[in-house]
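First up is the structure itself, then whatever we jot down about it.
FYI, the numbering just counts along the sequence from 1.
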Amino acid sequence: MLCRFAAASRSSAKLAAPLGCLVSRQKHTLPDLPYDYAALEPHINAEIMQLHHSKHHATYVNNLNVAEEKYKEALAKGDVTTQVSLQPALKFNGGGHINHTIFWTNLSPNGGGEPKGELMEAIKRDFGSFANFKEKLTAVSVGVQGSGWGWLGYNKEQGRLQIAACANQDPLQGTTGLIPLLGIDVWEHAYYLQYKNVRPDYLKAIWNVINWENVSSRYATCKK
């Protein structure tokens with residue numbers, strides 16, 4: 001199950017329901033952004049944000065609904081072969097919906113700087129310093145081959161923060177067990193119109209709009 005958190009979890013928590021519940025499910029919807037498309041400029045421009053949210057994320061939502069409808073039909077028929085064949089589409093589009101729903105709230109026009117309180121103490125404990133953490137997450141994100149995500153997650157069993165990378169739209173918790181706190185989208189659609197193929201420049205800029213209040217709230221919730 002996803003760590004529950006405010007607006008992000010209302011939409012994404014539905015994805016974690018047992019597939020047997022699809023018969024009575026509600027369709028997934030594209031969440032509204034908590035800021036205008038141009039609000040993150042100059043770090044991420046309005047054109048990127050509009051296309052990323054209203055086109056790319058919307059496509060994941062639409063395709064997820066289609067895949068779930070087909071899965072529901074296969075479930076009703078007892079068609080296991082079709083159920084199995086739909087797993088990649090459910091994972092890809094479900095992951096895309098989960099990841100982006102988190103990503104939008106991880107960003108803020110009032111973001112940047114450094115976290116405070118318990119999150120900062122945990123970062124210092126697990127990475128030595130905020131500078132070391134920032135360097136490590138940036139390096140992992142730069143190093144993603146092709147498309148994917150860089151993540152700061154929480155290992156609930158160990159009670160520690162961890163950095164991880166996921167390919168394509170693989171959801172962090174569903175593939176690694178880590179609870180997602182901060183995700184950085186390194187698909188080209190997240191930055192190419194502004195930064196071309198220079199991913200490191202995009203990653204340098206995105207730290208100016210990280211919403212540490214959101215990340216801290218996720219951390220506090222997941223520790224409970």
May I ask you to test the His97-Gln169 pair for a side-chain heavy-atom distance under 4.5 Å?
no
How close do Thr175 and Cys166 get, heavy atom to heavy atom, and via which atoms?
OG1-SG, 3.8 Å
Asn106 side chain to Asn214 side chain, donor-acceptor N/O pair below 3.5 angstrom:
yes
Inter-residue atom distance Ile206.CD1 - Leu40.CG, 0.5 Å rounding
8.5 Å
Check for a donor-acceptor pair, side chain of Asp36 on one end and backbone N or O of Ala38 on the other, with a separation under 3.5 Å.
no
So which heavy atom on Asn63 is nearest to which on Asn93, and how close?
CB-OD1, 3.3 Å
Is the distance from the ring center of Phe92 to that of Tyr60 below 6.0 Å?
yes
Any chance you could measure Arg160, atom CZ, to Asn155, atom CG, to the nearest 0.5 Å?
9.5 Å
Taking the side chain as every heavy atom from C-beta outward, state whether Pro115 and Val215 have any pair of such atoms under 4.5 Å apart.
no
State plainly whether the residues Glu118 and Lys223 are in salt-bridge range, i.e. N to O under 4.0 Å.
yes
Does any non-hydrogen side-chain atom of Ile163 lie less than 4.5 Å from one of Phe133?
yes
To the nearest 0.5 Å, atom CD of Glu135 lies from atom CZ of Phe127 at 12.5 Å
Look at Lys72 together with Glu69 and state whether they make a salt bridge at an N to O cut-off of under 4.0 Å.
yes
Using side-chain heavy atoms (C-beta onward) and a distance below 4.5 Å, is His57 in contact with Val61?
yes
Judged by modelled atom types alone, do Trp151 and Thr176 share a side-chain donor-acceptor pair under 3.5 Å?
no
With a 3.5 Å distance limit and no angle check, can you tell me whether Trp212 reaches the backbone of Gly113 through a side-chain donor-acceptor pair?
yes
Which pair of non-hydrogen atoms, one from Leu137 and one from Gly150, has the smallest distance, and what is that distance?
CD1-C, 4.0 Å
Do His52 and Trp187 have a side chain donor and acceptor closer than 3.5 Å?
no
Ser141 and Arg199: side chain donor to acceptor below 3.5 Å:
no
Any sub-3.5 Å donor-acceptor pair from Ser85's side-chain atoms to Thr82's backbone N or O?
yes
Is there a side-chain contact between Arg218 and Tyr154 (heavy atoms, below 4.5 Å)?
no
CD-CD1 distance between Gln173 and Ile102, expressed to the nearest 0.5 angstrom:
8.5 Å
Point-to-point distance, once rounded to the nearest 0.5 Å, from OH of Tyr202 to CD1 of Ile48:
8.5 Å
Is a side-chain donor-acceptor pair under 3.5 Å present for His28 with Glu68?
yes
